[in-house]
Amino acid sequence: EAQVTQNPRYLITVTGKKLTVTCSQNMNHEYMSWYRQDPGLGLRQIYYSMNVEVTDKGDVPEGYKVSRKEKRNFPLILESPSPNQTSLYFCASSPTGGGRAGEQYFGPGTRLTVT
Amino acid sequence: QKEVEQNSGPLSVPEGAIASLNCTYSDRGSQSFFWYRQYSGKSPELIMFIYSNGDKEDGRFTAQLNKASQYVSLLIRDSQPSDSATYLCAVIRSGGYQKVTFGTGTKLQVIP
């Protein structure tokens, strides 16, 4: 089954404790992206990747890191989480980038709470 | 001014009616436009994309793009209660970037 998977689905952590949210897709997609979704603010793009070893900042990259060492995986790293990073996080992938980057398949989401 | 704007709703329509959802964008050079549906507690799901001025139809859904007026709309014909969801408009802006910018979504309620 073609899908985007994320782990963990739920995470409660404390301020400053480094964490990684994994994302994997089995569709051989080139483009991958991370979003956070907050009430009243909608979906906001954190980082995106056009291909292996090629990443770029989205609209809200502060406090996050990403890497793309393999085509299928795109982990999101929070080096020192803070309470304002409490949010619902989605990973997404698209067959290709450019003007078609928005043809995305979304993962199930990770609900992160930072206390 | 927000880059992508949508009325948050809720938009209530009776079953069988046409639901019309609108989205405006600020970057005149934006090139690609997408509509997603998101049920409560679920992930967004792509339902339509449109790249050229005019209409694009897929089943009960029609996307309309007017670049001169900088708006894109989604029409849902014969609305069903199962269409009740939040509809998100997304845009890829100009400038060679591949950022995807979403509006905050319009909540649609289809009344049986």
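To find a chain, count down the sequence lines: A is the first, B the second, and so on, and within it residues start at 1.
- Within 6.0 Å of the CZ atom in Arg77(B), the count of heavy atoms belonging to other residues, nucleotides or ligands exceeds 12.
- Note on Ile50(B) and Leu88(B): separate hydrophobic clusters, where clusters join Ile, Leu, Val, Met, Phe, Trp and Tyr whose side-chain heavy atoms are under 4.5 Å apart, directly or indirectly.
- Looking at Tyr105(A), neither its backbone nor its side chain comes within 4.5 Å of chain B, counting heavy atoms on both sides.
- A chain of hydrophobic side-chain contacts below 4.5 Å, direct or via other Ile, Leu, Val, Met, Phe, Trp or Tyr residues, connects Leu19(A) to Phe74(A).
- For Lys56(B), the NZ atom sits in a packed shell: over 12 heavy atoms of surrounding residues, nucleotides or ligands are nearer than 6.0 Å.
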**OP:** Evaluate side chain to side chain contact (heavy atoms under 4.5 Å, CB included) for Leu46(B) paired with Phe106(A), printing each intermediate quantity in order.
**Re:** CA-CA 9 Å; Leu46(B) 180 68; Phe106(A) 276 75; over 6 Å; no
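- Not one N or O on the side chain of Thr104(B) forms a donor-acceptor pair closer than 3.5 Å with the backbone of Leu41(A).
- With hydrophobic clusters built from ILVMFWY side chains whose heavy atoms lie under 4.5 angstrom apart, Phe49(B) does not share a cluster with Leu65(B).
- Taking CD from Gln45(A) and CD from Gln98(B), the interatomic distance works out to 9.5 Å, rounded to the nearest 0.5 Å.
- Closest heavy-atom contact between Gly99(A) and Ser32(B): O-OG, 2.7 Å.
- Of the residues considered (Gly42(A), Gly109(A), Ser33(A), Ala101(A)), Ala101(A) shows the highest number of contacts with chain B, using heavy-atom pairs under 4.5 Å.
- We find the CD-OH distance between Glu103(A) and Tyr51(B) to be 3.0 Å, quoted to the nearest 0.5 Å.
- For Ile77(A), the CD1 atom is densely surrounded, since the number of other residues' heavy atoms within 6.0 Å is greater than 12.
- Summarising the geometry, atom OG belonging to Ser43(B) is positioned 12.0 Å from atom CD belonging to Gln104(A); distances are rounded to the nearest 0.5 Å.
- Within the 4.5 angstrom heavy-atom criterion, only side-chain atoms of Gln38(B), from C-beta onward, approach chain A.
- Contact annotation for Arg100(A): both backbone and side-chain heavy atoms come within less than 4.5 Å of a heavy atom of chain B.
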Subject >> Test log, rule side chain to side chain contact (heavy atoms under 4.5 Å, CB included), inputs Asp59(A) and Phe102(B) >> reply: CA-CA 11 Å; Asp59(A) 290 319; Phe102(B) 280 81; over 6 Å; no
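- By the rule that hydrophobic residues join a cluster once side-chain heavy atoms approach within less than 4.5 Å of another member, Phe33(B) and Trp35(B) end up as members of one cluster.
- A pairwise comparison of heavy atoms in Pro44(B) and Leu43(A) identifies CG-CD1, 3.8 Å as the closest pair.
- Note: Lys57(A) NZ to Lys99(B) NZ = 9.5 Å, rounded to the nearest 0.5 Å.
- Cluster membership check: Val60(A) does not share its hydrophobic cluster with Phe90(A), using side-chain heavy-atom separations under 4.5 Å among Ile, Leu, Val, Met, Phe, Trp and Tyr.
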